[in-house]
There are 2 protein chains.
Amino acid sequence: EGILVSGATIQKNLAKIGLIAVDNKPGNAAKIFAHLAGAQVIVNDIIQTEISSEKANISFTVGSADLADAKKAIEEIVRQVQCQDVFVRDDIAEVSVVGVGMRSHCGVADRMFKALAVAEVNIDSITTSEIRISCIVDLDDAEKALVAVCEAFELDKPADERTSP
Amino acid sequence: EGILVSGATIQKNLAKIGLIAVDNKPGNAAKIFAHLAGAQVIVNDIIQTEISSEKANISFTVGSADLADAKKAIEEIVRQVQCQDVFVRDDIAEVSVVGVGMRSHCGVADRMFKALAVAEVNIDSITTSEIRISCIVDLDDAEKALVAVCEAFELDKPADERTSP
Ligand SMILES: C[C@@H](O)[C@H](N)C(=O)O
Ligand SMILES: C[C@@H](O)[C@H](N)C(=O)O
């Protein structure tokens with residue numbers, strides 16, 4: 001498959017806001033992110049999953065410095081989007097595996113999740129793209145997670161000595 | 001910010017499987033994706049959001065051709081991860097906006113969601129990365145969504161004649 005995982009990163013100073021059970025109708029995502037843009041909040045990753053045809057969960061990460069402004073903006077908008085609950089976590093870190101050809105994630109995702117499972121690190125949320133897989137974990141587990149992932153992908157060895165992916 | 005949205009894409013022939021309320025404890029994501037890897041299913045994007053400290057939603061997309069194998073593999077594993085419900089959608093398309101410097105999504109995400117809202121296209125799920133923002137929409141809305149997004153980012157004009165982002 002030619003998947004080459006070239007590195008792993010950890011990002012701290014991160015916070016996550018989750019909106020649980022937002023009305024799943026056109027315009028609600030636009031309302032939330034327009035309101036955040038208006039509050040000059042820079043959003044990192046956005047994740048939405050559908051819970052049913054009526055409801056969806058939307059969560060997003062911001063730099064820790066923006067958390068207070070983001071929280072305030074979200075509190076102002078929750079009623080307009082019929083959101084049932086807001087979840088805020090500022091004790092998180094994001095561990096990512098980066099590389100080319102991640103498209104067929106199965107080899108990479110499987111190995112990353114297994115490494116975190118063996119290290120007893122809980123995965124709070126997941127996002128993937130063609131070039132990376134990112135997991136939000138507890139801040140206390142950040143180093144443990146990074147070490148587990150580096151070992152699983154043998155990132156301490158030169159690329160040509162690693163077993164694929 | 002130097003955000004340059006360079007293009008928009010639409011991907012059909014896609015299906016999405018959502019696992020609702022999976023036990024949020026270490027090892028469960030590894031079980032699910034190891035089982036899919038064992039069934040030779042190539043997974044596109046993986047999205048997980050937390051619903052509470054006990055439960056999480058995990059969804060992933062596969063090519064339409066892999067849906068039957070993926071469904072079978074998931075049915076075999078749902079009890080082991082205490083998943084309450086499985087959601088399958090094969091009537092979807094993924095519309096993406098691609099470009100460099102998307103990191104501070106607020107300008108781009110906001111504009112994309114607004115374009116879809118005005119076109120009355122419902123967003124089923126969202127994933128973002130440094131280089132793209134992707135929304136899953138109903139298959140029937142695929143063309144409408146692509147046109148709305150291309151107009152919002154003026155993709156029919158040369159890059160130097162567009163208003164930022
Ligand atoms: C929940 C939210 O994303 C909604 N489905 C929308 O289209 O805006
Ligand atoms: C839900 C699942 O991702 C679980 N939290 C895990 O770590 O595997």
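Below, read A as the first sequence line, B as the second, and so on, with proteins coming before strands; counting in each chain starts at 1.
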Does [X] share a hydrophobic cluster with [Y], counting links as ILVMFWY side-chain heavy atoms below 4.5 Å and allowing steps through other members?
{"X": "B/Ile51", "Y": "A/Phe87", "value": "yes"}
{"X": "B/Ile74", "Y": "B/Phe33", "value": "yes"}
{"X": "A/Val137", "Y": "A/Ile92", "value": "no"}
{"X": "A/Leu146", "Y": "A/Leu116", "value": "yes"}
{"X": "A/Val88", "Y": "A/Leu36", "value": "yes"}

**Report entry** Test item: A/Phe113 and B/Ile46 side chains (from C-beta on) under 4.5 Å apart, heavy atoms
**Finding:**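 Sidechains of B/Ile46 and A/Phe113: in contact.
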
Query raised in the report: Below 4.5 Å, heavy atoms only, C-beta onward: do A/Thr127 and B/Ile47 meet side chain to side chain?
Result: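 With C-beta onward as the side chain, the pair stays apart.
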
Using a 6.0 Å cut-off, check whether atom [atom1] of [X] has over 12 heavy atoms from anything other than its own residue.
{"X": "B/Gln82", "atom1": "CD", "value": "yes"}
{"X": "A/Glu76", "atom1": "CD", "value": "yes"}
{"X": "B/Lys71", "atom1": "NZ", "value": "no"}

Counting heavy-atom pairs under 4.5 Å with chain B, which one of [options] comes out on top?
{"options": "A/Ile58, A/Asn57, A/Asn122", "answer": "A/Asn122"}
{"options": "A/Gly27, A/Ala30, A/Ala119", "answer": "A/Ala30"}
{"options": "A/Ile32, A/Ile20, A/Asp124, A/Ile136", "answer": "A/Asp124"}
{"options": "A/Glu50, A/Lys16, A/Lys114, A/Lys25", "answer": "A/Glu50"}

If I measure from the heavy atoms of chain A, does [X] come under 4.5 Å with its side chain, its backbone, both, or neither?
{"X": "B/Ile123", "result": "both"}
{"X": "B/Ser53", "result": "backbone"}
{"X": "B/Lys31", "result": "neither"}

Requested in this report: Identify the heavy atoms of A/Asp110 and B/Ala37 that sit nearest to each other, and give their distance.
Outcome: OD2-CB, 3.7 Å

Report task. May I ask you to name which of B/Val121, B/Asn28, B/Val62, B/Val118 has the most heavy-atom pairs under 4.5 Å with chain A? Result ->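 Highest number of pairs under 4.5 Å: B/Val121.
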
**Report entry** Working for side chain to side chain donor-acceptor pair (under 3.5 Å), residues A/Thr49 and B/Ser59
**Finding:** CA-CA 7 Å; A/Thr49 55; B/Ser59 73; 5.8 Å; no

